[in-house]
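In what follows, a single structure is set out as structure tokens and then discussed.
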Amino acid sequence: MQGFFEEAKARVEGLSTGGQAARGAPGSGVDELRQERLGKLAKYEAKMGPGSAWGARFANTTSIEALRAKFPRLEEGRQPEQNERFGTARLAARVMLRRDQSKKLIFLTVQDQSGEIQVALWNKKLDEAQLDLLRDTLDLWDLLGVEGELAYTQRGEPTVWATSVVLLSKCLAPPPEKHHGLQDKELRYRHRHLDLVSNPDSRKAFITRAKLVSGVRRFLDAQGFLEMETPVLQTIPGGAAARPFKTHLNALSIDMYLRIATEIPLKKLLVGGLEKVYELGRIFRNEGVDYTHNPEFTTVELYQACADLRDMMALVENLVSHLARELTGDTTVTFRGKPIRLGAPWPRLDYCELLLKHAGVKADDEAALDAKIREAKENPEGMSMVDKIDEVFGTYVEPHLTDACFVINQPVEMSPLCKAHPQDPKKADRFEAFAASMEIANAYSELNDPLEQRKRLAAQMRETWAKFMREVMDEPKTELPGELRLEVQGLVSAIESNDEWQPETGSAMETLRAVEVQTKQWKLRDYFYERMQRLEDPSLLIDEDFLHALEHGMPPAGGMGIGIDRLCMLIAGCDSIRDVVLFPLMRPEK
RNA sequence: GCGCCCUUAGCUCAGUCUGGUAGAGCAGCUGACUCUUAAUCAGCGGGUCCCAGGUUCAAAUCCUGGAGGGCGUACCA
């Protein structure tokens, strides 16, 4: 208990001193550099007045990009006219480089969001006293408001010849290296503000992301879709199979979960008579982190009444190729050094044909699937048929899906929320869109038959329970005593033979509790174990509320989800999701 | 989760194999210079070599353990 208060106190103290104590004893590098800058701050404010180093409203500025456009293009080898001016300028920018020629002339390179330009501080244009003050107090990374005249230098460099300069904000902390920028990836992710100033490519990627997100909205709005906002906090997280983040609502004393998809509430809106809806927002999944996965990420899901898969295909391929052309000027992009074609139309590829082509197996040939899984040094034991197919597809087929394409006709068991194919009840009327071997979109002709939906969810729930029970038995480390083992076996056959089975049926929960006691030390599978224990896996429960909504009649509909982060990686040319997520997940600093 | 790699000045990096007084560039400070552009030139200051133990006369360097990070791989409808 006392530890809590001490820790809290230490934290508060650490914050109030700005972590100064952690910056090392007096005389260390950072502290010295900071002291120098504090000295310059004091000097500036002594002359210009208290608070003058922190600026004020500085409106009616022009972007540096626009300023550069005012300079006429110099012909090859043409010397610029010395006294030729191209108007006046007013800009707000950060000092990136400083080149003192003498006490009378200083060149700066300054940067704003749009780019860089040279500023000259010269005693023939700028008040002598002001020049003296700036020479003594101006540091790299200070923010300036500049007014001046636009003219080339003798060497032909577009330059703002300052007639007036104010400090908009002093930079007290030492900036990163001016030429190499900030290289350390940890620092770039943890201190993104430094990265954004130092590395233009990083800045550009996030500007592209903003344009991509607004482009998606514009595109959908123009087609009559309405943007909806559904709860992030849910009592049963559904619409996907993923482990959720759990939290607690004090007001009602209930556990809640962060959403893992927006699918279920959006479908309820279709029942409610809204015909074309979408939601663009953050999704949370308590799972792995790698170059294509972040625990929180952004999706856009959309649902259109009385449409189907065909409509969704046309929509997604048009949307993606439109965005690519608008943001990069081309529908072929480069990702991890390889060209990726995103231009519509995308080829439609049959799921089973792809399995046959790239893995050489038929989707119903279990022995062949097992063999391929073992070939990839994985263990097919305990996997369901769907898991096996999915495993082989992921390992052998996905690496080949580089150019944008639609994979269609997935086995229906893999797609519990999707209508069966009109010509083949074993297949789902579904597509997954791939590009650069990443799944970037997923769409269904949505299942709107509540009776069928209940069967599918029940089957999935039973399958999940049975799978877990089988793993419990097959795992040698469990060492279940003989009678408990028999009990589990009985439970598995009960689950598999009884379509109506629920976790509350018979003595199921007692058996589970006995297993739980027996597997306390069971670290190898604690992931699955924990899910079972807390009933966190949505496929371990049935969302009755959702089924109830369907019973009031949901129109037939096409639905689709797109991974915005991955799409952004492709269009901004970033190799890792961390380069398109502003503040990616990092372990907290000590 | 597993494998490989990294951690040295505010920043970018050498030095570690082969143990022997801690290095460079940028940034900072002092000075010179009226068209530079990673300005240049002369001089100066700046280090918990990630942490803890061990081996040794002696450890940034070798050994063990730990922390953080990167990349790959796995999990991920």
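We name chains A, B, ... by the order of the sequence lines, and we start the count at 1 in each one.
- Shown here, B:C71 forms a base pair with B:G3; the pair counts as Watson-Crick or G-U wobble because both key distances fall under 3.5 Å.
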Check against ring-ring contact (aromatic ring centres under 6.0 Å, His included), A:Phe583 and A:Tyr189: CA-CA 6 Å; A:Phe583 300 97; A:Tyr189 297 146; over 10 Å; no
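- As rounded to the nearest Å, B:C2 and B:A39 have P atoms that lie 47 Å from one another.
- B:U37 is unpaired under the Watson-Crick or G-U wobble criterion, no partner having all donor-acceptor distances under 3.5 Å.
- The side chain of A:Lys185 contributes no N or O atom lying less than 4.0 Å from OP1 or OP2 of B:G70.
- Residue-to-nucleotide contacts include no donor-acceptor pair under 3.5 Å from the side chain of A:Asp290 to the base of B:C76.
- Within 6.0 Å of NZ on A:Lys70 lie more than 12 heavy atoms contributed by other residues, nucleotides or ligands.
- Across the strands present, B:U56 finds no partner; the criterion is a Watson-Crick or G-U wobble pair with both atom distances under 3.5 angstrom.
- Side-chain polar atoms of A:Thr230 and A:Glu279 form a donor-acceptor pair below 3.5 angstrom.
- Heavy atoms of other residues, nucleotides or ligands lying less than 6.0 angstrom from CZ of A:Arg85 number 12 at most.
- A 3.5 Å limit on both hydrogen-bonding distances identifies B:G66 as the Watson-Crick or G-U partner of B:C50.
- For B:A22, there is no paired nucleotide, since no Watson-Crick or G-U wobble pair has both relevant distances below 3.5 Å.
- Under 3.5 Å, the side chain of A:Glu157 and the base of B:U37 form at least one donor-acceptor pair of N or O atoms.
- Between the side chain of A:Thr109 and the base of B:U37, no donor-acceptor pair under 3.5 Å is found.
- Pair assignment for B:G43: B:C29, on the basis of Watson-Crick or G-U wobble contacts that are both within less than 3.5 Å.
- Contact between the side-chain N/O atoms of A:Lys103 and the OP1/OP2 oxygens of B:A32 is found at a separation under 4.0 Å.
- For the side-chain hydrogen bond (donor to acceptor under 3.5 Å, both in side chains) test with A:Asn442, the passing option among A:Gln410, A:Arg430, A:Glu432, A:Glu301 is A:Arg430; the others fail.
- Evaluation of atom-type donor-acceptor distances gives no pair under 3.5 Å for the side chain of A:His180 against the base of B:C11.
- Separating the C1' atom of B:C5 from that of B:A38 is a span of 30 Å, rounded to the nearest Å.
- Among the atoms of the strands shown, none is found under 4.0 Å from any heavy atom of A:Trp141.
- Here A:Glu391 lies in heavy-atom contact (under 4.0 Å) with sugar-phosphate atoms only.
- Here A:Ser102 lies in heavy-atom contact (under 4.0 Å) with a base.
- In this structure, B:U61 forms no base pair with any nucleotide, since neither Watson-Crick nor G-U wobble geometry is met with both distances under 3.5 Å.
- Under the 6.0 Å distance and 45° angle rule, A:Lys372 counts as a cation-pi partner of A:Tyr396.
- Side-chain N/O atoms of A:Arg336 include one lying less than 4.0 angstrom from OP1 or OP2 on B:G72.
- The pairing partner recorded for B:C17 is none, the criterion being a Watson-Crick or G-U wobble arrangement whose two distances lie under 3.5 angstrom.
- Within the nucleic acid shown, A:Glu36 comes within 4.0 Å of sugar-phosphate atoms alone, with no base atom in reach, counting heavy atoms only.
- Both A:Tyr444 and A:Leu585 lie close to RNA chain B; mapped to their nearest nucleotides by heavy-atom distance, the more 5′-ward contact belongs to A:Leu585.
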